[in-house]
Structure formats: C-alpha cells, structure tokens
Amino acid sequence: MVKQILSALFIAGCLLLPAQMNGQDGWTLHVEGECSDYTGASAANGTLGVLHWKEPFSVRQIVLNNVFELNDATTVNCAVLGLNPFDISMHVDGEYMSSYTRWSQDIDLRNAEHRTSFTADGKVDVSYSLIALRNLPHSAMFKISLKALSPVSVRFDKRISVPEGYQESRYNHRDFDADGRRIRLQQRDALTAHGRYDVSAASMFIYDESKGEYSQNGECASVEFRMKKDEQIDLCIIGSICTTAEYSDPYSESRRELIYIDRSGPEVIIAGHRRLWDSLWESDIEITGDIKAQEAVRFALYSLYSSCREGTRLSVPPMGLSSQGYNGHIFWDTELWMYPPMLLLNQGIARSMVDYRTDRMEAARRKAGDYGYRGLMYPWESDSFGEEATPVWAITGPMEHHVTADIAIAAWNYYCVTKDINWLRETGWELLKGIAEFWTSRVRDNHDGTYSIAGVVGADEYAQNVTDNAFTNAAAKIALRNAVKAARLCGYEAPHQWSRIAEGIRILSKDGVTWEYEGYAGQQIKQADVNLLVYPLGLVKDKGQMLRDLQYYEDKVDMVHGPAMTFSAFATQYARLGHKEKAGKMFDRAYKPNSRPPFGVFAETPTSNNPYFTTGAGGMLQTVLFGFGGLEITDKGIIQNKPLLPPGWERLVIKGVGPQKKTYVITND
C-alpha cells in the first residue's frame, strides 16, 4: 500500500516537467520530471543486485548470484531473492512524507552510483546515492544528504523485509560495543522455502549522534533529526546480505561487514569502491558523434561489469543481477554473447565465466552418461550445481545440445587471447577433450564420409527435433577442430576420428543458400542460426555466401518476438562486408526497439519487458568490437581487420584490449 501511495504522489508531483535525458557526457544517464513509463536499473557488484525504482528509497528486490533452490512455482531450481535490508520510509514533521517535487535520477556509470534527488513536502531537499559496493560484494549503501528549507523534523524508519517463499524468519535488534564504539543494528535471517540455505541480512544507520536521535520499536529502527533552516545533515544506511551458500555462519558475517564499514568510515569504503571501478573502466569504449550510442554502449558494458567478478568462478545469467528472469540459470547466452566482450576487455571476469564451466565438468560427465553419450554434455540451463534446470515442459532441455560446443569454443578462445598454456594443460584440455568425446558419440555416421546430428534444437528454437541444424553442426565442427589443436599444444595425440568427424559433419545448402536444417522450407525463425556460421563461428568465409545467407534469412526472423542478438550479428557481418548504411541500421535495430525508458534499460525483444537483458547487451558490444572496430580473436591472438564506422560516428576508441591493454582508434579518415 505504501508503494502505491508513493507512486501516485510521484505522478502528482512531477507533472510540471516533461521527462528528459540530458546527461551528455556519456557517463551519466539522467532523467527528471514525469516518469509514468519507468523501468529501473539494478545497482549490482557481481554478487548481489539491488533493483532500485523511481519512488524515494524504493528497492524492489535483492537478487543474489548463484544461490539456487527448488521453486514450487517454476518446479525447477531458481535463483533466490535475498532479504531486503533497505525497507526505508521517510517522515517529515512526524508525518509520512505526503508529496515530493523536483525529482530527478542519475545513473553515474563511471562511479557505479544510482542517485536520486527531490524536495520532500516543500520542507527539505533530499539527495541520495545507492551503491552496491564493489569492494564489499555482500554489502550495499544508501548515502543520504538533507538540507532543511525551514525548521523541520526528519525521521527515517528502517525495516528488513522478507520476500515471499521463505520459511518463518528470526529478527533481532543488536546493541553492543565494538572497539569502544556503540553499534546498533537490525538483523533478520530466514531459511529458504525448502531449507537449503540460511539467508541473513543486517542493516544499520551511520550518522552524527549529536544531531540525530535513535529509537527502536518492535522490528523498526529509526533515527530522527530536528533541523534548523539551511542546516545540512549527512547519514548512511548500510546493509549486508550473506548466505550459507558462501559462509558457514552468514549471521555473524553480515554483522561483521557492517562493523567494518562503520569503523573504516563510509567515505573510505566509497573511495575503495570507486578505485575498483576505475580499474574496470581502464577497458572502455568511446564513441564520438553519437551520444545516444555512447550512452547505450557504455550502459551495456557497465551492466556486464556489474554482473560478474574476477575470482568468483561464477557466470552471468541472461538478466544479469536485475531479476529472476529465466530462473537465473546459465545458458549459451554466456559463452556466445556476453563472454566475447569480457574476454577482450576483462580477462579476469572472462576467466570466472570459464571457471564456472570447468568447475562443473563432473556434472556434465554425469549428464552425458545419463543420456547415453560419452565425454561432457552440458545442460541447456545450468543451476549452481551444473545440473539441467530447464523446466520439464521445454524441449530445449533434452535437445538443445549446441551449448556444449559453445562452451568448448569459449574455452579455446580464452587460450587464444591469454596464451595461458598452463591453464590449457591443467584445465582447458580436460574440458576440450571431454566435449570432443561427446560429439564423437553424438554424431550419426552416414557411411558415405559424412556425419549427421539428429534430434536437436538449434539456435532457432522454433525448429525443434530437427536433423543437421546448421549452427549446431558448425559449432560441433569448430569444437572438434579446437580439441585437435589443443591436443597438439599439450603434447597429446588426438584421436584421428576427431578430425574425420569434424570435416565430415554436414552443412546443408540449397540454391546457393546455407540451409538451416534438413527439410527447412523457409519457415519463420526465432533468431539468427545459419548466419552465425559467418560470425561468431568464422566457418563461412566467402563474401558471396555471407551476403546470400544474410539476404535470405533477414526477412525470416520474427521481428516481434525474436531476441535482439540477431540484429547485432547481422550488423557485425554487414560491417565486415563494408556495407556501412546497412550495418548502422542493423546496429540500431539491435538495441533501440528494446530500450525501456527512462534510462534505456535493455529488454529481450521489442515487445517484452524483462530487462536488464545482459545477453542483448553482449551482442550489441560485439558489433562495436568485432564489427565496427574490426577486431577478431584468432589462434594467434587478437588481430584487427578493416574497421568500419556506421553513419554519424566520427571516432571510435576501444581501450584496454587483451592482456596488453591495447588501445584501438578508428576514425572516418
């Protein structure tokens, strides 16, 4: 009810100003005025995401990375939402805030801070930043500033709320000394629905105790400030969420992190957070001549950086840390769409994404055996255990096998970029070998020197249970070839059948066009499939073939319900073919219809509202890097082919590429 009232007050208070985006530095996404059509963005640090909304201090949910439990509604393991330590309300002169005006919000991409400002009841100016701390991955902070416009009393109430689905929770208010300083904090913990994990959240105020009065009533903690006109007061509300997925004692750890923030001081903690983001932004993309493209591209990069961390051995679900979309599972989206930009721009994050798969080889080995195959067979939708988590009604779970080849391609590319031969020998080889063994057991010998793969769902998921799907077959070819190369580098002799099968797997064609699968007759397709053989697979190299396939399949794509990545793949290929106008149009089509106001949060399709779609963000970034920038990952490392800027772009600078952190400058000259 409180949120509904706030929403109504927001609209009433903001009708005077039209919504507008006026952050023109490429680093700040800014909006002010009426925002009846609003999609919020998550402030995330790779471990947790805090989904912020338009109403003051509104937090829709806390998204946890890689914490899964059986969900009775979806009937599969689903990402668990965290307890929310930021259930905050504001009171002015003893009454719940009745109106607010002069509202604006910013997303500061440079510093990873989400900022809001407004005037409450005409009596006090309020501004705050929400920060998911990069240096304390289980913690976040509201940093609040107040300025009294007249004598006024301002009170903040704070609770810890529990999402639906948890078992009965336990609440405590803690009041104790830590190194001579009084600590007063709230704490709540609860078991997830089926008891797999204990989730604990703690929160506390940090403020000048000579200016504020603290009180505690039931499960509500409050701090009240009696302010003179023009008086300014700063305070922080800090929260931490820990689980038994990471800690044997999350209850103590969540408190411990808050004490650390308090004793270090918020400004010191924020400075550490910013230093880590400064390091991330050493790898950046600068666009001159198109500020909207600059904002969208940097927002995409920011969203990927926010969704994963170096050293965690975790990956990125399709919606990042913004929601439970697709149950938080890990798909091919990681390896084919989100991973390549990270591999170029942040090898630490890319390594975590690869580690996620190598850590789950035993689960993949079990799945292969359970389905009658050898080697490693990865699930279409992976949960934290690396097991198949696709809903049982979806045929993609048992039949969309190309993900296993996609993982092998990503692993080989990791070696190509890093040249880490020790990793290849100690870890990568085992994965590549296991995947090659899977495909040798998966193919069907046609006894004419060719091999088929029957009973699959390809990248085009509208085509189910088909034979010789172009993308599946091509990805298997590449995976087998890469395994042969890896064997040679590691000093092993690859089985001869790996090469024989790789060269014999059928890629069908008809009338000069690559055919999507046996029996294809021009049906509508969900997304690019055949065209992926050009990029990212690099299997089709003839320019005439590239163009024929593009022209044939372009009007077969579902323009209403198809995901954005199709058009980023098209844009990349048209750029490589030198078709400037067409590449630009396809790039625009890859993100503009999917951008949700007011910040341009990315949705999966033009008609869906399930952002932030980090998969689509990865595809868009690939167009910039591998299409317009001309970059390419090869066996010899990263090279640059002929770049091509789309219409309106004057200059493209790609910073911090590869282990050497190279910079590429592309102009229209």
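We count residues from 1, following the sequence as given. Here the structure is a predicted model, which means the values were calculated and not measured.
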Next on the checklist: Could you go through Asn65 and Thr47, starting from their C-alpha distance and side-chain angles, then the distance that decides it, and tell me whether this counts as side-chain hydrogen bond (donor to acceptor under 3.5 Å, both in side chains)?
Outcome noted: CA-CA 5 Å; Asn65 195 354; Thr47 297; 6.0 Å; no
Item to check | Identified ring pair (Phe, Tyr, Trp, His ring centres under 6.0 Å) counterpart of Phe156 within the set Tyr207, Phe57, Phe205 | outcome: Phe57
Item to check | Validation row: Gln324, Thr74 side chains within 4.5 angstrom (heavy atoms) | outcome: no
Checklist entry - Would the His402 and Trp380 ring centres measure less than 6.0 Å apart? => result yes
Item to check | Glu246 vs Glu253 side-chain heavy atoms within contact, under 4.5 Å | outcome: no
Checklist entry - Got a second to check how far Ile238's CD1 is from Leu136's CG, nearest 0.5 Å? => result 9.5 Å
Next on the checklist: Within the 4.5 Å heavy-atom criterion, are Ile131 and Arg274 side-chain neighbours or not?
Outcome noted: no
Next on the checklist: Between Arg159 and Asp87, does any side-chain N to carboxylate O distance fall below 4.0 Å?
Outcome noted: no
Next on the checklist: Which heavy atom of Cys308 sits nearest to which heavy atom of Ser352, and what is that distance?
Outcome noted: SG-CB, 4.2 Å
Checklist entry - Is the NZ or CZ atom of Arg188 positioned over Tyr166's six-membered ring, under 6.0 angstrom from the centre and within 45° of the axis? => result no
Next on the checklist: If the test is ring pair (Phe, Tyr, Trp, His ring centres under 6.0 Å), which one of Tyr612, Phe602, Phe613 qualifies with Phe299?
Outcome noted: Tyr612
Checklist entry - For Asn609, does the CG atom have more than 12 heavy-atom neighbours from other residues, nucleotides or ligands under 6.0 Å away? => result yes
Checklist entry - Would you call Trp103 and Cys35 a side-chain contact if the rule is heavy atoms closer than 4.5 Å? => result yes
Next on the checklist: Quick check on the 6.0 Å ring-centre criterion: do Trp277 and Tyr302 meet it?
Outcome noted: yes
Next on the checklist: Can you tell me how far apart OG1 (Thr192) and OH (Tyr197) are? Round to the nearest 0.5 Å.
Outcome noted: 8.0 Å
Checklist outcome for this item: Residues passing the ring pair (Phe, Tyr, Trp, His ring centres under 6.0 Å) test with Tyr356, sequence neighbours excluded, are none
Checklist outcome for this item: CD (Gln61) and CG (Leu48) are apart, to the nearest 0.5 Å, by 12.5 Å
Checklist entry - Which residues satisfy the side-chain hydrogen bond (donor to acceptor under 3.5 Å, both in side chains) test with Ser568, sequence neighbours excluded? => result none
Checklist entry - Have Ser98 and Asp121 got a donor and an acceptor in their side chains that come within less than 3.5 Å? => result yes
Next on the checklist: In the structure I gave you, are the side-chain heavy atoms of Tyr378 and Met361 within less than 4.5 Å of one another anywhere?
Outcome noted: yes
Checklist entry - Is the backbone N or O of Val316 less than 3.5 Å from a side-chain atom of Thr334, with the two atoms forming a donor-acceptor pair by type? => result yes
Side chains of residues 363-372: which donor-acceptor partners sit under 3.5 Å, not counting sequence neighbours?
unit_1: Arg365; atom_1: NH2; unit_2: Glu430; atom_2: OE2; d: 3.4
unit_1: Lys367; atom_1: NZ; unit_2: Glu388; atom_2: OE1; d: 2.5

Checklist entry - Residues two or more places apart in sequence or in another chain: which of them pass side chain to side chain contact (heavy atoms under 4.5 Å, CB included) with Gln216? => result Tyr171, His173, Tyr214
Checklist entry - Can you check whether Val80's main-chain N or O pairs, donor with acceptor, with Glu69's side chain at less than 3.5 Å? => result no
Checklist outcome for this item: For Arg309, the side-chain hydrogen bond (donor to acceptor under 3.5 Å, both in side chains) test, sequence neighbours excluded, returns none
Item to check | Within-4.5 Å side-chain heavy-atom neighbours: Ile259 and Phe176 | outcome: yes
Checklist entry - Which value, rounded to the nearest 0.5 Å, describes the distance between Ser129 atom OG and Asn111 atom CG? => result 9.0 Å
Checklist entry - What do the steps show when you test Ser254 against Ser200 for side-chain hydrogen bond (donor to acceptor under 3.5 Å, both in side chains), and what is the final call? => result CA-CA 7 Å; Ser254 59; Ser200 179; 3.2 Å; yes
Next on the checklist: Assess, by modelled atom type and distance only, whether the side chains of His329 and Asn77 contain a donor and an acceptor separated by less than 3.5 Å.
Outcome noted: no
Item to check | Where Ile241 and Leu64 come nearest, the two heavy atoms and their spacing | outcome: CG2-CD2, 4.1 Å
Item to check | Phe142 and Tyr128 aromatic ring geometry - parallel, tilted or perpendicular at 30°/60° bounds | outcome: tilted
Checklist entry - Do you know which two heavy atoms are closest between Cys242 and His138, and how far apart they sit? => result SG-CB, 4.0 Å
Next on the checklist: Once side-chain hydrogen bond (donor to acceptor under 3.5 Å, both in side chains) is applied, do any residues pair with Asp175, and if so which ones, sequence neighbours excluded?
Outcome noted: Arg182
Next on the checklist: How close do Ile160 and Pro85 get, counting heavy atoms only, and between which atoms?
Outcome noted: CG1-CA, 4.0 Å
Item to check | Heavy-atom side-chain proximity of Leu51 to Val63 below 4.5 angstrom | outcome: no
Checklist entry - Less than 4.5 Å apart, any side-chain heavy atom of Phe438 and any of His401? => result yes
Next on the checklist: Determine whether a donor-acceptor pair (N or O, by modelled atom type, separation under 3.5 Å) exists between the side chain of Thr244 and the backbone of Asp198.
Outcome noted: yes
Checklist entry - Could you go step by step and tell me if His273 and Asn135 meet the side-chain hydrogen bond (donor to acceptor under 3.5 Å, both in side chains) rule? => result CA-CA 5 Å; His273 162 84; Asn135 47 341; 4.6 Å; no
